[in-house]
Structures are given as structure tokens and as C-alpha cells.
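Here is the structure we will look at, set down as C-alpha cells.
All ligand and atom numbering here is 1-based and tracks the order in the structure. Just so you know, these numbers come straight off a predicted model, no measurement behind them.
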Amino acid sequence: MQHGATTAEVERVVAVVRELGYEARPMPGAQRTAIGIVGNDGRVDSSRIAALSGVQEIIHVTQPYKQVSREWRPESTVVTIAPGVSFGGNDIPVIAGPCSVESEEQILESARIVARAGGTALRGGAFKPRSSPYSFQGLGKEGLKLLALARAETGLPIVTEAMDDEGAHLVAEVADCIQIGARNMQNYSLLKTVGKIGKPVLLKRGMAATITDLLLSAEYILSEGNGQVILCERGVRSFDPSSRNMFDLTAIPTVHKLSHLPIVGDPSHGTGIRDKVTPMARAALAAGADGLIVEMHPHPDSARSDGAQSLYPDQFQALIGELRAVAIAIKA
Ligand code: PEP
Ligand code: MN
């Protein structure tokens, strides 16, 4: 309450809080009176209270999301996308592969390189959300068939993006984990659809989304009964054009504190520049990431999307070795 709020004003707020169905606990202080609201099991719509005479400010102490919060579930969630491939446990899974599936030869070659280097899962978009409608849009259903072929040969589980409700069902037939891209993080209809489908979901942070926005989007999936959600920090828009995005490393420990869901780092989209990928991959792991998703292309110079940020095969192999060293170092 404002300094100098009258007893009548305090009583009026208490009455309105009770009318809304909650308990009101006035706490008189030397400067002003605070009124605690208890008995709510979620965020209270504060608009009615904020407008009352004598009210200074509304301070939320509970989070707007529920099932994704650590308060709801203190122990960390482990998401298993295929036998032996889990996020949020003791392993450091690395999802790797090209930005897009381009051809049978390209995706099979990619899968072999990922498997040989010790990568854990294969990525590659069949449906591509491109900023320009004139850019390569992906091979669609044909791309999904090629991913299935790559899994059959290498045994690597598949992570691939769904862009709309119809596509989500097609993707679910092949994918071990359905990716929701940054541009679709707030496509609530799609979030509900993948929530209902029930397969593991990799939910990427929108490029202008706050951590609260990301967690609320995850809440949509959990609220449909699907708790298999892996979050992903992939960089946010910034004022500085020297990198494609600003890779927000702080998001990793922040999410760990607020939520029980695992979070992986995407240093490829996070930086947009190949020579920045390895340093930021190491950093993400050191910051506590539950795994990584990295773009690697057998021939980045001829990639149909995101070639500039795709690692060369030998760079990817070197990265896997370094990540092991980082994992050992931070456990020490
Ligand atoms: C991708 O993973 O290739 C992609 C399009 O990522 P984002 O949605 O993070 O831009
Ligand atoms: Mn990409």
C-alpha cells in the first residue's frame, strides 16, 4: 500500500482479495502496510487489486507457470528420446547434423560422420522455417524418409522440426524427438498438438522470448499431459550485428533454478559463425547445459542452409573430444 494509505483503503483491499476467493494477510510496517495474498495455486489476476485506491504496487512471488517449475517437481526430469539417449541425467548427449536434409547421400554421409565421432542423435530439418519464402524450404515428406533411412543405417535417433499441426503428425511418424523451432515457440496450437502426440519435444527459445515466455510455452506441452520436454537456448536478437544472435549462457543456470526440465545449448544458431561454435559449445557445457545441438555438414560450403555456421566434419570430431574434457573438468 502507499505510504499514508488509510485504514479504510487497507480494509477495502482486504475485502476485494477475499471476494476473489483468497486469504488476505495485512502486514503493517514502519513505512507502509503490505498485504500478502495466500491460498492461490497459480498466478492471481492482479488488475482488480491494482486499480484500488491506496495501492502502490503488486509484487508477484509465485511464477505464472506451474508444472514446469521446480516448486512443482523438485527433482530434475530426465527425458529419454531413444533407448540409452537421455537428457537431464549424467550423460552429455550431442545432437548433430546438417541444418536441412538435402539428399540421400548428404544425410547418410552426415549420419555416418556423427556416429563415428561419437555424436548421440542426428538432426536435420525436412520442413524448414526460413526467414525468406525464396530460400530452400526443405524436402518435406521425402526428407523424413531419408532421415528414417539414416537411422536404420546408423542407429542414431532422429531430431527434426515440425512447423504446423499437420506436419507434426507426419514428423511424429519418423522423429524420436520433435523439434519446435524458435519461430514457432509461441505457436500455441502447435504446442498443444505436440503435447497431445506425446513424443519427446525439443523446444527452442524464440529469438525475442524471455525465459518466462519459454517456460510458459513448455507449460502448454506439459498441460496436455506430455512431460517429455527438452528446452533449448539458441540465442536471442541483440543490438550488435557482430554475431547472428546473442547466445544467452545465463539462460542455462536460470532455467535450472526455475524448472526441472533439461536445457541444451545450440551454439550454431546462437552465434551463426563457424569459428564461434566450438568456444560457445564448451561454454554452454561449462554453464551446466544438459547437452548440445550442433550443426555439422559434410560439405558446409555447398550447404543449402546455414553453411556459414556448420562445422566441418573434422571440427565436429575435435569438438566431441573437447566436450569430454570439459565434462571431466567441471565435475572435479
Ligand atoms: C534449426 O535448428 O535449423 C533452426 C531453424 O533453428 P531455430 O528455430 O533455432 O532458428
Ligand atoms: Mn539451421
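For the Mn ion (ligand 2), protein N, O or S atoms under 2.8 Å: 4 in total.
The protein heavy-atom contact nearest to atom 8 (O) of ligand 1 is Ala182 N, 2.7 Å. Here the protein heavy atom with the shortest distance to atom 6 (O) of ligand 1 is Lys204 NZ, 2.9 Å. The single protein non-hydrogen atom nearest to atom 4 (C) of ligand 1 is His269 NE2, 3.4 Å, given as residue, atom name and distance. If you check which protein heavy atom lies closest to atom 9 (O) of ligand 1, you get Arg234 NE, 2.6 Å.
For the pair Met207 and ligand 1, no heavy-atom separation below 4.0 Å is found. Taking a 4.0 Å cut-off on heavy atoms, Gly125 fails to register as neighbouring ligand 1. Residue contacts with ligand 1 do not include Arg205, since none of its heavy atoms lies under 4.0 Å from the ligand.
The existence of a salt bridge linking Lys141 and Glu173 is excluded, since no basic side-chain nitrogen approaches an acidic carboxylate oxygen closer than 4.0 Å. By the 4.0 Å N-to-carboxylate-O rule, Glu224 lies too far from Lys192 to be salt-bridged with it.
Looking at ligand 1, you won't find any N or O of Asp306 less than 3.5 Å from one of its N or O atoms.
Judged as a ring-ring contact (aromatic ring centres under 6.0 Å, His included), and not counting sequence neighbours, Tyr312 has no contacts.
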- Step by step, would you call Glu161 with Arg183 a salt bridge (charged side-chain N to carboxylate O under 4.0 Å, His left out)? CA-CA 11 Å; Glu161 177 160 356; Arg183 291 160 189 79; over 6 Å; no

